[in-house]
Number of protein chains: 2
Amino acid sequence: MASHGVRGRSGGRPTLRDVAARAGVGRGTVSRVINGSPRVSDGTRAAVEAAIAELGFVPNTAARALAANRAGAIALVVPEPETRFFAEPYFSEMLSGVGAELSDAELQLLLIFAGSDRERRRLAQYLAAHLVDGVLLVSVHADDPLPDLVTQLGIPAVISGPRSATEALTSVDSDNYGGGRSAVEHLLARGRRKIAHITGRLDVYGAQRRLDGYREALLDAGRTADELLVEPGHFTEEGGRRAMTRLLEREPGLDAVFAGSDVMAAAACQVLREAGRRIPDDVALVGYDDSAIARHMEPPLTSVRQPIDEMGRAMIALLLAEIADRRPAASRGLERRHVVLRTELVPRASS
Amino acid sequence: MASHGVRGRSGGRPTLRDVAARAGVGRGTVSRVINGSPRVSDGTRAAVEAAIAELGFVPNTAARALAANRAGAIALVVPEPETRFFAEPYFSEMLSGVGAELSDAELQLLLIFAGSDRERRRLAQYLAAHLVDGVLLVSVHADDPLPDLVTQLGIPAVISGPRSATEALTSVDSDNYGGGRSAVEHLLARGRRKIAHITGRLDVYGAQRRLDGYREALLDAGRTADELLVEPGHFTEEGGRRAMTRLLEREPGLDAVFAGSDVMAAAACQVLREAGRRIPDDVALVGYDDSAIARHMEPPLTSVRQPIDEMGRAMIALLLAEIADRRPAASRGLERRHVVLRTELVPRASS
DNA sequence: ATCACCGGTGGGAGCGCTCCCACAGTACCT
DNA sequence: AGGTACTGTGGGAGCGCTCCCACCGGTGAT
């Protein structure tokens, strides 16, 4: 008795061949069924599906990946240390959007931190080994070499905040310009006259765009955008505090502040209060992100909401398209896709 | 010209066969080198390593997994919705311990949430497909069917808080009993006489053990453990608030509270203050977890620290051993391993 | 009736690796 | 001298899948 071909060593699990035998069809047909090919008659498909159910067949991912030359996984790369990842609700929300959109596709999502040099080297190796079919990049700074590495390796990628107006990678972003505008327009509509702006790090493109929105909203309203009313806050609590302090010294007559993030708005709020200013009576305050902080501040903070989970969804959709496009290897490098989602002002008691 | 065997379609990447040709050795030898087999002479090994470096060879994971019948990945399963995962610093710290210990092993870590029914079904499929070589289970409730599923599928697993004293799975835990004791002993040493305890959910084994430690420390000190001084708090802020309120009504003369978690301690702190009690003058307070909350409370909270990152490390070490043990399929089911790491009381101003 | 064509199907030939058997060579015993 | 053992090595035979070519029979055009 030859023991040849009786059953593999994969823990006794049925294989595609077993299914084919059971259903009385060829291996190719079973493969077509599990891959949803339209070139299978209804009767055959039903028979194969029955056999799959009876045997409890689950395709072997490794074999699939090997034969089809794809990894069956995509990576969400966070160029930050883990601690920041957990601290920022931004990532959590992004992750849930990504997960939701991905749950249909039979792709595994890998979460990769690239905060330290060590981790970055590991990532580079990882990408070089083509262990993922595509990459999602979030929270990338303007001078980060990561996007170039990815481009160079020819790995499909989508970035979640373009690094500049001429971003080479397919990107998803929220309308930072519009968000900045809406904050200012809201304050103007409330009768505020002297509106200051605490910016984020201006090497982050989104922060720059919020500033642009702030300026142009003022100009369009027939005012001059006074540069003395603009102060950088670097997206940090400490930066926000310093910026607010300086603004108060320089422009004690201000009656509104638009902060580039909720964290900075919270810091500004403290400084204002310490200076004896009441919110919103003396000074109106608007933040950005509509994070948990905004809702829990006293008074609750008016803030510009970004549809982060939608952004996650959009990233996956674009990435899947990139991956699919890749096979024909056709017209690459020409038309790049950029999706911009709109923001929404959430008015609360602070303005 | 036959195009046979020239180069695979894997994006032009070199294969093990290319390395073998380049080094002038057989394929088996190259395989031995990359797998660190000792049965290779030094000279040959050097030659192969040189060839690998020159070609920039990276083994194909899928092929490896297929041939060796292993997945090359392990899963960290969190039976909670994502939101809680991000909210609890516990997980973040655990993850970093796990990551640190894992970075040497060439295993991929998958983070899997199993909060919803849908996610659980997905996970079951995942495990059934043997896409991971082992599973790390954290934060599992006593009645969760997950551990049984894993056992049934014969997947190596380590659990991070045993479900009972007779946990069947290999487990890692901190010394909850000792932690409870140390909190009480600390309060006794500070001269406190009437020490209350707000427990966590008692269907969580660790919470039960903390309670045991509380009781026995009191008995060992020659006091009776008054059950009227024990009140369940369910590990939640709201639960902690209610428990403290009830304790104050029932035992207005208490002069110390040991809470089963920092969150509950924070809630208790509020209630005490509203009741006009000063901390630590009137009532001393001790928490559990030594989380960020403890450090930021006013006054800073004395708390029992668990070495969470060490626990993560230990889990990986045990899991790797389980996976290695599995091959010989020898004496299974007999000796189970249980590691208990010691806790440490961190004294601060609240006691 | 002849031919091209197309939906539906079977199965060979790999994908790149690991496992394991076979075998050469050396060393050490009887 | 012949046996035994062990180290180091080569390469065949898969692992379970996808891809693709060949083929079969039924249509519609010629």
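So you know, we letter chains A, B, ... as the sequences are listed, proteins then strands, and number each from 1.
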*Does a distance-only test, which skips hydrogens and angles, find a donor-acceptor pair under 3.5 Å between the side chain of R39(B) and the base of dT9(D)?*
no
*asked:* At less than 3.5 Å, do the side-chain atoms of R45(B) and the base atoms of dG8(D) form a donor-acceptor pair?
replied: no
*Nearest-Å distance, CZ (R27(A)) to C1' (dG12(C))?*
8 Å
*With sequence neighbours excluded, residues passing salt bridge (charged side-chain N to carboxylate O under 4.0 Å, His left out) with R45(A)*: none
*Quantified as the angle between the terminal helix axes (five pairs each), what is the overall bend of the helix from dA1(C)-dT30(D) to dT30(C)-dA1(D) to 10 degrees?*
40°
_Reading 5' to 3' through nucleotides 20-27 of chain C, protein heavy-atom contacts under 4.0 Å coded B for base, S for sugar-phosphate only, - for none_ = B-------
*Please list, chain by chain and in numerical order, all residues satisfying side-chain contact (heavy atoms from CB on, under 4.5 Å) with R313(B), sequence neighbours excluded.*
A100(B), E101(B), D309(B)
_For L111(B), side-chain contact (heavy atoms from CB on, under 4.5 Å) partners two or more places apart_ = L111(A), L76(B), V78(B), F85(B), L95(B), F113(B)
*asked:* Suppose we screen for ring pair (Phe, Tyr, Trp, His ring centres under 6.0 Å). Which residues come up paired with F57(A), at least two apart in sequence or across chains?
replied: none
*Proximal nucleotide (of dG16(C), dT9(C), dC17(D)) relative to the A63(B) side chain*: dG16(C)
*Among dT9(D), dC17(D), dT18(C), the nucleotide that comes nearest once only the side chain of A67(B) is considered*: dT18(C)
*asked:* dT9(D), OP1 or OP2 - any side-chain N/O from T44(B) closer than 4.0 Å?
replied: yes
